[in-house]
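Quick notes on the structure that follows.
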Amino acid sequence: MASMLGAFVTDFFTYETTKSVVVKSWSVGIVNRIIQLLIIIYFVGYVFLYEKAYQQNDTGVESSVMTKVKGFGYQDNQVQDTADYVYPPQGAGVFCIITKVIVTDNQTRGLCEEPSLDCANHTDCEAFYGNNLVNGAVTGRCHKNFNASEGKCEIRGWCPTEKKSFPREPMVDVNNFTIFIKNSIRFPMFDVTRGNFPQHMTSKEIKSCSYHPVRSPLCPIFRVGDILNSTGQDVHTLATMGGEIGINIAWRCDLDWDEEHCRPQYSFTRLDAPFSHNSVSKGYNFRFARYYKKEDGLDYRTLFKAHAIRFDIMVTGNAGKFSTVPTLINTVAALTSIGLGTVLCDIILLNFMKGADQYKAKKFEEVSEAQIEASITQSQGSQLSLKQETKTLCDSGAVSLSNDLLP
Amino acid sequence: MASMLGAFVTDFFTYETTKSVVVKSWSVGIVNRIIQLLIIIYFVGYVFLYEKAYQQNDTGVESSVMTKVKGFGYQDNQVQDTADYVYPPQGAGVFCIITKVIVTDNQTRGLCEEPSLDCANHTDCEAFYGNNLVNGAVTGRCHKNFNASEGKCEIRGWCPTEKKSFPREPMVDVNNFTIFIKNSIRFPMFDVTRGNFPQHMTSKEIKSCSYHPVRSPLCPIFRVGDILNSTGQDVHTLATMGGEIGINIAWRCDLDWDEEHCRPQYSFTRLDAPFSHNSVSKGYNFRFARYYKKEDGLDYRTLFKAHAIRFDIMVTGNAGKFSTVPTLINTVAALTSIGLGTVLCDIILLNFMKGADQYKAKKFEEVSEAQIEASITQSQGSQLSLKQETKTLCDSGAVSLSNDLLP
Amino acid sequence: MASMLGAFVTDFFTYETTKSVVVKSWSVGIVNRIIQLLIIIYFVGYVFLYEKAYQQNDTGVESSVMTKVKGFGYQDNQVQDTADYVYPPQGAGVFCIITKVIVTDNQTRGLCEEPSLDCANHTDCEAFYGNNLVNGAVTGRCHKNFNASEGKCEIRGWCPTEKKSFPREPMVDVNNFTIFIKNSIRFPMFDVTRGNFPQHMTSKEIKSCSYHPVRSPLCPIFRVGDILNSTGQDVHTLATMGGEIGINIAWRCDLDWDEEHCRPQYSFTRLDAPFSHNSVSKGYNFRFARYYKKEDGLDYRTLFKAHAIRFDIMVTGNAGKFSTVPTLINTVAALTSIGLGTVLCDIILLNFMKGADQYKAKKFEEVSEAQIEASITQSQGSQLSLKQETKTLCDSGAVSLSNDLLP
């Protein structure tokens, strides 16, 4: 019993390693080492240095954006300030600067004529029941002046109906507006928080600077004109039709360096670019109303159709820091991969080299069921025949030298 | 010196490959090839064709959503248009359609009775200090009519207090409203931008179509009734209580094909579904106020408690394109994995096959410390004993045929 | 032909396994097994149990957040309710509680003096053209009283200009406000939806509870004071300057357990913390206006400069569920990795063990181009020399025992 356990322990603490054939051949040797070199270069250069595989990464950045727009523009000779043209006003990461408005004053609820629906009689108008593209709910009645053959369908809604859009100058002063962006981020995995401008910046510096990708890449004040230029947009067209501009703040941080090197990179795109060639629905506009009350309690409103430039600030982040687990995993992967050169070298060695058959014979040792069965019979027959058996095996090894072992 | 370097170089440019045993046995051979076939099928079918492991992926889609709601509904026999019932109005990816409002007119700041707080004396009311669930700040005084035993606590706030909710018809016309969704996306890694409807669509086509998953999957106009139907919601309940509907736009793009095949897929869910069985806090409502001024400057307001359907447009994207690095890595992984069949085959061969011991002897070559020490002694004793040593080793190989090498 | 096919099939259904050397040595055996044990512990403990590599993960959580703020505060002895201090009002995941407002009443469009721009003559003012930091568009004229040497530049804008900020008590009552958060999520991959409070919670329970990380971690009512405390913020400073608070809802769900265990975890941070040490731009404020109309149609407005606490509710989710594909892949990875110990053991065995040269001789079988060429010549010369050839090879094996095979 004790000896069995001892034998088991002895058998257990053994070490098994593959038996290798070392081919002393310049041609295969050089190919082998070149492949290994390429694999090492790939891992050291690309995986470790370029992709930084020794780092743990955090892409789940928490971000907070505050914005403030400043500047004065004119619409219909009326001056507009921030509270007039920025919507919504709370300084979030998405906001609109209204650049053109069609104002319809003094609307009250009632019945009026829909300018776009012509009719000869009530039946014509009943066909428009449920039409969503007009200014109110179609009542099905046709309004005609006495003796006139053509009239307009009646609608129930806010009257008078919205003024037609007409050629009108947009507020191109938007070019000189400035946007102040305050962006703070946090990488929760490393508990690192960063702001988009340095702590030592004084109030005076911030008020006088203007973002420039080269000259002042950390200034948080952006001139709208500069943003539009860098997206290649024409301010007049954009202000007339409206549109959407994306401001991308990318934080790529290597936290193995000092945190001070963790800085934002800004880039600008026109987000609704895919629709720029469409025949319809160019630009961006929306409608809103301001509600008033007469002294007698009657509601009336002013309807605004606003063309606006919408700014959308998108923050992306990726921070990396040295960590043992990915380093270990990738080192092991690199070590194992170095052995992969053998796949290619084996193909060369066993097929295209002079003496390929001899190499095959060296690499492959053949054993067939017939041999095994023969040796079982022999060993059962006589324990003394061991020497003979060895000979048999040796012979088979020799015979296989002249055989193709792989199809 | 030069010869040492030469020897080193000769030794360096060698190629090392594993020595293999080829077992000519039908049973193990078939198992081996079947396992290899399964592995190849897995890699070719699942990894390469289904999961497209040869592609580089970009999931960080930049998206911009603009919406426009159209339609007319009735509340209290008053017609409501977009500017009345859509909040916020700027046509963003998240917006509410207000379907039922409780209006409390002409509120001014002052003192009044809180209907929900009964009292017999001031002490009763003092107990409610800091209560957040009433209509104003509790002052701690009890208002009673002359000789009455019961009264109501006084609050400081906007008076009169909010009207009680009462059975009231919601704006079920919402069913016929339409939502126009304009979604443009960009995959920054490949610099591909796409819009959710084709460029060649004319204004007339867009105005007359209506989204249908099969008949017109690219029409950007969605009937609210269709959306509610596909989420299985009843419009009357939803309009009465409010709720939140998610509109998912999924972009799954294989950019190895023409960009024109990169198209949006729409799906709809009720986002607040987990609360549908709760006894409390069903639906969705919020309060807002419109502020007015009397001629004498006094502020007054109209308070709205609005039940609304909130729409939340969520855009997800995943684009793939052929790239050499993932293709290489996965090809290498596939090649290495083909060798994994040996683990299972070895177990079969060395344990369950007839002649397993013989196979073990062929596969494993045993070397013990005792042998090594013996050979060291011999080789030190005489360089001429090489032949004898070989014999010893050959014997050991033969002897090991009848041993168990693995526990 | 048939025999060729038969030979091919026979050759095809073979099984190739590596030939191994089993070293019966305690020292290397123990090192080998310890390394294997460490690898197994790493895979079982870290990869499988801790990282749950047997699960498929879904991090693309769909989330919907509704909020409701309750409470009453005082500003300038005027009571404020939810409709007054919450902006935007629709109860979304991002909202502001306005804690301090500077009100400028009765502004109309016109010309007035800019208090911050001193001038002696018109030229002084012309220098300020396009200045965005004042209250209106600088006209370039200098307003001076008769005989005065100094005056103020004229601007065109909303007059009177905004009141200066002055020391003023913020609405510290915000401490007692409560935020009700209703968050429903969905993991689309597993089609699991969850709400942030249990279905069996009654209306009374919800109305009377208050979130506490230990005592009531599932109560959806949060006292603002508790939130500020847990982020270490002083309510008075925060209410005076404004700021941004992040409320993180993390859903980490192991769906192999009952869904009931899938519960939210709340955490709170001050998002604009990186700017707390800046000399400028502390806090958070924005401007908005309410527009009124005189009976004669003249527009006037009240301008508000609001300092506010912005709350940003961020939802993250990660759900895992058993899946066969990742389990298979990781099991295979584990099995292959167990073999990695050989790299280290080989280094020990072939370099630092007593008798390293003998082990090398056992592990490596050398074959040089010269031998191969010789054997080709022989086998071409006579098919009868097979026995001799075997001898040659045996000799070479013996000879290599005393050689260094690796540099």
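Labels below follow one simple rule: chain letters A, B, ... track the order of the sequence lines, proteins then strands, and each chain is numbered from 1.
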Inset, instruction - Would you mind checking which part of C/Arg194 comes under 4.5 Å of any heavy atom in chain B, side chain (CB onward), backbone (N, CA, C, O), both or neither? - result: backbone
Legend entry - Heavy-atom proximity to chain B below 4.5 Å, by part of C/Asp84: both
Inset, instruction - Against chain C, label B/Arg109 side chain, backbone, both or neither, depending on which of its atoms sit under 4.5 Å from a heavy atom there. - result: side chain
Inset, instruction - Sort C/Pro188 into side chain, backbone, both or neither according to what part of it lies under 4.5 angstrom from a heavy atom of chain B. - result: neither
Legend entry - Whether B/Trp158 and B/Tyr291 hold their rings parallel, tilted or perpendicular, with breakpoints at 30° and 60°: perpendicular
Legend entry - Which atoms of C/Thr10 approach chain B - backbone, side chain, both or neither, heavy atom under 4.5 Å: both
Inset, instruction - Side chain from CB out, backbone as N, CA, C, O: work out which of these in C/Phe177 comes under 4.5 Å of a heavy atom of chain B, or both, or neither. - result: backbone
Legend entry - Proximity breakdown for B/Tyr42 and chain C, heavy-atom pairs closer than 4.5 Å: side chain
Legend entry - Pairs of heavy atoms under 4.5 Å with chain C: top-ranked of B/Gly157, B/Gly136, B/Ala308: B/Gly136
Inset, instruction - Heavy-atom pairs under 4.5 Å with chain C are the metric here; pick the option from B/Val94, B/Thr18, B/Asp272 that has the most. - result: B/Asp272
Inset, instruction - Go through the atoms of B/Cys96 and report whether side chain, backbone, both or neither lie under 4.5 Å from a heavy atom of chain C. - result: side chain
Inset, instruction - Using a cut-off of under 4.5 Å on heavy-atom pairs, state which of B/Thr316, B/Leu303, B/Val31, B/Val134 scores highest against chain C. - result: B/Val134
